[in-house]
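Hydrogens, waters and symmetry mates play no part in the numbers below; they use all other heavy atoms, side chains included.
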Amino acid sequence: MKLSKKKLFKIHSWIGTKLSILFFIVCFSGTMATLSHEMDWLFISEIRAKPQEEFASRNTIISNLKKQYPNAQISYWMRAEEPYLCDIIYTKENGKQTYVFANPYTGKIQGNANLTFQRFFRDLHYFLFMPFYQFGYLVVLSFAFLLLISFLTALFFYKKWWRKLFKLETKKGPLVFFRSLHRLVGLWSIPFSILFSATGIWYFVERTNIADVRTAVNPTSPKLEYNNANNDSINLTYTIDYDRIVQIAQKTIPYFNAEGINIPNTKNEPVYVRGNSDVPLVRQRANRVYINPYNYKVVKLQNAKNISNIMWINDIADPLHFGYWGGLTTKIIWFFIGLGISSLILTGIWITLKRKALQRKKKHAPILGKWKFINWGIYILIMISMYVQLVYRYHTSFKGILIISCGSLLLLLLTYYIFVHRLKKAVNIK
């Protein structure tokens, strides 16, 4: 069946309008996630570090941690790729997880938080704080297909779009201006829309394990074989020689910088070290060193230079999707591109709703129709799920919940002002 320009336009309009709130949340949260580490630096003073020539001993850091958290159990120790940020040590005590900030240059424990901006926006973008993670992941990843369909339909129904790459109408009224702006931003964001769609679709394939991709790209952790090894929980937090672990890992892979350390919580699990090497683009998980915490022998190794093609694709998806492959410069570029794509949703909503409002004016029909209730229902569901996660999973402080609530309320009021109040005024509906 051949699709006419009119049908293609309807498909494009339907995606951007009927699913507008959810589409915007997915795109905007991903945009904010690109600079979420920098937001942590800006708003959390305890996470800031002044770069120096040498790092402090990791054993010194762990000794300082023990003084303040003697009963804590570490699950993960993350050394940020940004030199202006502290290490983040994931600790758990009495079932409560806390992010502890350790200065990698002085070894000082500078503070802690139950939730960071990075974690908040990543979780919102990954699974919308849905209680059933797999469902939330699939909802978000489905928008990779919708984004692809959206810009492909636009290219087909826009005539000779390449001639409009530098054209912005500013003197023919708001509606013409927003149409022109929508088209201009959309055209310039095509390469990135393709990139975000392709990586998002890859995530979908990996998450759903189509063609056993998930199995192929996620190697299993080795098990330690000891007569006394079993699944009883242990706490190796203050018994491991972290300096020795890092030295062994960095000798195993050339040009390797150990930046992430997973600490086992059962007796037959090794310490898992990840980090960057001289292989470009890939994320830290492309390099894996598994070390026995009892005799400090390497039990398994994965060098990014030797991984399969499918694993290489999987390990470049994250840096390309979030733009951190080139440091702060590419993150800033990705951030503004993300804002541009998010603005496409907003301008698209305005254009479509104003056009429909003018059509419905004579009939005195509601501007947004039944989809208004569907969109707000989705928003309310996400908000409820978010607060449940904040309280019961992250044990977020009252101050943190208040800041998030104020931001959500501000966004809500702005949305009402633009798409209800201003829209009614624009079409003279009383």
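- Annotation: the span from Leu410 atom CG to Ser405 atom OG amounts to 12.5 Å, rounded to 0.5 Å.
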Could you go through Asp318 and Arg285, starting from their C-alpha distance and side-chain angles, then the distance that decides it, and tell me whether this counts as salt bridge (charged side-chain N to carboxylate O under 4.0 Å, His left out)? CA-CA 11 Å; Asp318 226 42; Arg285 284 195 336 192; over 6 Å; no

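- No side-chain donor-acceptor contact under 3.5 Å links Tyr255 to the backbone of Val279.
- Enclosure of atom CZ in Phe336 is not indicated, since only 12 or fewer non-hydrogen atoms of other residues, nucleotides or ligands lie within 6.0 angstrom.
- Of all heavy-atom pairs spanning Gln110 and Cys86, the tightest one is NE2-SG, 3.4 Å.
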Applying side-chain hydrogen bond (donor to acceptor under 3.5 Å, both in side chains), run through Tyr203 and Arg207 and close with a yes or a no. CA-CA 6 Å; Tyr203 291 144; Arg207 174 65 55 176; over 6 Å; no

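- Counted within 6.0 Å of CZ on Phe156, heavy atoms from surrounding residues, nucleotides or ligands total 12 or fewer; the atom is thus considered open.
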Going through the distances and angles, do Trp188 and Ile337 end up as a side-chain contact (heavy atoms from CB on, under 4.5 Å)? CA-CA 9 Å; Trp188 280 101; Ile337 293 296; over 6 Å; no

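- Around atom CZ of Phe135, no more than 12 heavy atoms belonging to other residues, nucleotides or ligands sit under 6.0 Å away.
- Using bins of under 30°, 30° to 60° and over 60° for the plane-to-plane angle, the ring pair Tyr126/Tyr137 lands in the tilted bin.
- Looking at Glu206 and Asn218, their side chains do bring a donor and an acceptor atom within 3.5 Å of each other.
- Residues Ile263 and Ile261 are in side-chain contact: their nearest non-hydrogen atoms beyond the backbone lie under 4.5 Å apart.
- Using a distance-only test at 3.5 Å, with no hydrogens or angles considered, no donor-acceptor pair links the side chain of Asn103 to the main chain of Ala49.
- Closest approach of Gly200 and Leu141 over heavy atoms only: O-CD2, 3.7 Å.
- Counting heavy atoms of neighbouring residues, nucleotides and ligands inside a 6.0 Å radius, atom CZ of Phe28 does not exceed 12 of them.
- Using a 4.5 Å heavy-atom threshold, the side chains of Val273 and Val246 count as separate.
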Would Tyr324 and His37 count as a ring pair (Phe, Tyr, Trp, His ring centres under 6.0 Å) here? Give the steps. CA-CA 11 Å; Tyr324 61 82; His37 281 301; 8.5 Å; no

Please walk me through it: do Ile74 and Val100 pass side-chain contact (heavy atoms from CB on, under 4.5 Å)? CA-CA 10 Å; Ile74 294 179; Val100 178; over 6 Å; no

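- Not a single donor-acceptor pair under 3.5 Å links the side chain of Thr98 to the backbone N or O of Thr91.
- A distance of 11.5 Å separates CD1 of Ile25 from CG of Leu19, quoted to the nearest 0.5 Å.
- Using a 4.5 Å heavy-atom threshold, the side chains of Asn114 and Lys96 count as touching.
- Annotation: Phe143 is not in aromatic contact with Phe24 [ring centroid separation under 6.0 Å not met].
- Between the CD1 atom of Ile245 and the CD1 atom of Ile240 there is a distance of 6.0 Å, given to the nearest 0.5 Å.
- A distance-only check finds a donor-acceptor pair linking the side chain of Ser36 to the backbone of Ala33 [under 3.5 Å].
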Could you walk me through whether Tyr69 and Ile89 pass side-chain contact (heavy atoms from CB on, under 4.5 Å), step by step? CA-CA 11 Å; Tyr69 304 90; Ile89 303 176; over 6 Å; no

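- The aromatic rings of Phe120 and Phe129 are tilted relative to each other, their planes meeting at an angle between 30° and 60°.
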Stepwise side-chain contact (heavy atoms from CB on, under 4.5 Å) check, Ile316 with Trp325: CA-CA 9 Å; Ile316 66 169; Trp325 59 273; over 6 Å; no

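- Among all heavy-atom pairs drawn from Ala258 and Gln250, the shortest one is N-OE1, 3.1 Å.
- Taking the six-membered ring where the residue is Trp, the centroids of Trp334 and Phe192 are separated by under 6.0 Å.
- The shortest heavy-atom contact between Val299 and Leu224 is CG1-CD2, 4.1 Å.
- Distance alone, capped at 3.5 Å, places no donor-acceptor pair between the Asn303 side chain and the Ile253 backbone.
- Note that CD of Glu82 is 12.5 Å distant from CH2 of Trp41, once rounded to the nearest 0.5 Å.
- The minimum heavy-atom distance linking Thr237 with Tyr242 is given by the pair O-OH, 2.8 Å.
- Checked by atom type and distance alone, the side chain of Lys300 pairs as donor or acceptor with a backbone atom of Thr220 at under 3.5 Å.
- Residues forming a salt bridge (Lys or Arg N to Asp or Glu O under 4.0 Å) with Arg48 (at least two apart in sequence, or on another chain): none.
- No side-chain heavy atom of Leu124 sits under 4.5 Å from any side-chain heavy atom of Met32.
- By the 4.5 Å heavy-atom criterion applied to side chains, Tyr387 and Met383 are counted as neighbours.
- To the nearest 0.5 Å, atom OG1 of residue Thr239 and atom CD1 of residue Ile234 are 7.5 Å apart.
- With Phe322 as the aromatic partner, Arg283 does not meet the cation-pi criteria of under 6.0 angstrom to the ring centre and within 45 degrees of the ring axis.
- For the pair Ser180 (side chain) and Phe177 (backbone), a donor-acceptor distance under 3.5 Å is absent.
- Contact annotation: the side chain of Lys267 approaches that of Tyr294 to within less than 4.5 Å [non-hydrogen atoms, C-beta and beyond].
- The shortest side-chain heavy-atom distance between Phe101 and Thr116 falls under the 4.5 Å cut-off.
- Between the Asn292 side chain and the Pro270 main chain, no donor and acceptor come within less than 3.5 Å of each other.
- The minimum heavy-atom distance linking Ala317 with Thr199 is given by the pair O-CG2, 3.8 Å.
- Distance check, rounded to the nearest 0.5 Å: CG of Leu152 to CD1 of Ile149 gives 8.0 Å.
- A distance-only check finds a donor-acceptor pair linking the side chain of His125 to the backbone of Val26 [under 3.5 Å].
- Listed for the Glu81 side chain is no donor-acceptor partner under 3.5 Å among the backbone atoms of Gly327.
- Looking only at side-chain heavy atoms (C-beta outward), Lys67 and Ile109 stay at 4.5 Å or farther from each other.
- Dense packing is recorded around CG of Asn306, with more than 12 heavy atoms of other residues, nucleotides or ligands lying under 6.0 Å away.
- Side-chain atoms of Glu38 and Tyr84 include a donor-acceptor pair closer than 3.5 Å.
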